[in-house]
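Below you'll find the structure, written out as structure tokens, and then a few comments.
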Amino acid sequence: MQIKFAIMLSAVSAALLAAPVLAQSVTYEGYADTTSCSGSAFGCTDGGAICCTLPTGFGYSVQFDNLPSGSQGQGYTDGACTSFLFSVFGPGTKCWNGGGSRASTMNWFHSPQGRRGVVAARSTAKANCSTPAYFKYEDASGETKTIAVPAGKNAAQNIADLYMAKNYTALAQYQAY
């Protein structure tokens, strides 16, 4: 009886570990830094297969936090996640540095059958595109701030422009994230 229970418990455990996590969200960020995933960044958080569009000046480094096993993060040079630039593979937190190349859009998704290989973009339509949810930066006093990017056309670019102009007073008017 104990042996049958142990075998059944092992089988159930193996099945649960092999099953993909379907409702998991991943946070990923596009940085202005060309050599590391540090400093100011626009961030997205979603359940996968959503193309996140970055404003001008960001996407020179991209970090995917806690990518699940069998998933990949990708960067693209166009506004629709179709012109492939790079891919990183889970599990774990992965940083890509462009060294001057820029990912203008980024996304993540579960690879089919946990395959470790580059998978082509699923759609050329912009229907699954979004804008960043937040922006993190260091203000004039050196304090790290994270603000919400409001809905609306060009909201992320407006925030990026304020940051590049060092208009921290205007950035402080945005809602904290």
Side-chain angles (χ1 to χ4, degrees), residues 21 23-69 71-110 121 126 128-177:
V21 178
Q24 184 170 2
S25 287
V26 169
T27 298
Y28 49 109
E29 299 174 329
Y31 293 84
D33 194 308
T34 60
T35 60
S36 69
C37 291
S38 62
S40 58
F42 281 89
C44 303
T45 301
D46 59 58
I50 305 293
C51 185
C52 185
T53 304
L54 294 168
T56 301
F58 291 83
Y60 293 102
S61 293
V62 176
Q63 181 166 298
F64 297 86
D65 293 330
N66 299 312
L67 276 172
S69 183
S71 68
Q72 61 182 288
Q74 292 186 344
Y76 306 85
T77 59
D78 65 348
C81 284
T82 57
S83 187
F84 180 78
L85 177 62
F86 76 88
S87 187
V88 294
F89 300 93
T93 296
K94 306 293 179 179
C95 176
W96 170 83
N97 307 117
S101 296
R102 178 178 175 263
S104 59
T105 54
M106 55 189 183
N107 73 359
W108 81 276
F109 54 89
H110 288 280
K126 289 188 85 169
N128 280 341
C129 291
S130 69
T131 57
Y134 65 88
F135 177 63
K136 69 177 185 180
Y137 67 99
E138 231 178 63
D139 67 10
S141 67
E143 186 178 342
T144 299
K145 303 282 187 177
T146 304
I147 57 174
V149 176
K153 188 174 182 174
N154 297 323
Q157 189 60 57
N158 292 338
I159 289 171
D161 293 343
L162 290 171
Y163 176 75
M164 296 300 182
K166 296 184 184 341
N167 190 340
Y168 302 117
T169 303
L171 288 171
Q173 302 306 307
Y174 283 87
Q175 180 180 348
Y177 183 77

Does the ring center of Phe58 lie less than 6.0 Å from the ring center of Phe135?
yes
Please tell me whether Trp108 and Phe64 form a close aromatic pair, meaning their ring centres lie under 6.0 Å apart.
no
Scan side-chain atoms only and decide if [X] and [Y] contain a donor-acceptor pair under the 3.5 Å cut-off.
X: Asn97; Y: Ser61; value: yes
X: Ser25; Y: Thr45; value: no
X: Thr53; Y: Thr105; value: no
X: Thr35; Y: Asp33; value: yes

Is the backbone of [Y] close enough, under 3.5 Å, to the side chain of [X] for a donor and an acceptor to pair up by distance?
X: Ser69; Y: Pro91; answer: no
X: Asp139; Y: Tyr168; answer: no
X: Gln157; Y: Thr56; answer: yes
X: Thr77; Y: Ala103; answer: no

Does some side-chain heavy atom of [Y] sit less than 4.5 Å from a side-chain heavy atom of [X]?
X: Gln74; Y: Trp96; answer: no
X: Phe109; Y: Gln72; answer: yes
X: Val26; Y: Asn66; answer: no
X: Cys37; Y: Glu29; answer: no
X: Ile159; Y: Pro150; answer: yes

Which atom pair, heavy atoms only, marks the closest approach of [X] to [Y]?
X: Tyr134; Y: Thr146; answer: CD1-CG2, 3.7 Å
X: Phe89; Y: Leu67; answer: C-CD1, 4.2 Å
X: Pro68; Y: Ser71; answer: O-OG, 2.5 Å
X: Met106; Y: Cys44; answer: CE-SG, 4.1 Å
X: Cys95; Y: Ser36; answer: SG-C, 4.4 Å
X: Val62; Y: Gly59; answer: CG2-O, 4.0 Å

How would you list, by chain and number, every residue that makes a side-chain hydrogen bond (donor to acceptor under 3.5 Å, both in side chains) with Ser101, sequence neighbours excluded?
none
Which distance, rounded to the nearest 0.5 Å, do you find between the [atom1] of [X] and the [atom2] of [Y]?
X: Leu54; Y: Tyr76; atom1: CG; atom2: OH; answer: 13.0 Å
X: Glu143; Y: Glu138; atom1: CD; atom2: CD; answer: 9.5 Å
X: Ser87; Y: Lys94; atom1: OG; atom2: NZ; answer: 11.5 Å
X: Gln63; Y: Thr27; atom1: CD; atom2: OG1; answer: 10.5 Å

Spell out, with a plain yes or no, whether Cys52 and Cys129 have SG atoms under 2.5 Å apart.
no
Could you walk me through whether Phe42 and Tyr163 pass the side-chain contact (heavy atoms from CB on, under 4.5 Å) test, one step at a time?
CA-CA 11 Å; Phe42 281 89; Tyr163 176 75; over 6 Å; no
Would Tyr28 and Asn107 count as a side chain to side chain donor-acceptor pair (under 3.5 Å) here? Give the steps.
CA-CA 8 Å; Tyr28 49 109; Asn107 73 359; over 6 Å; no
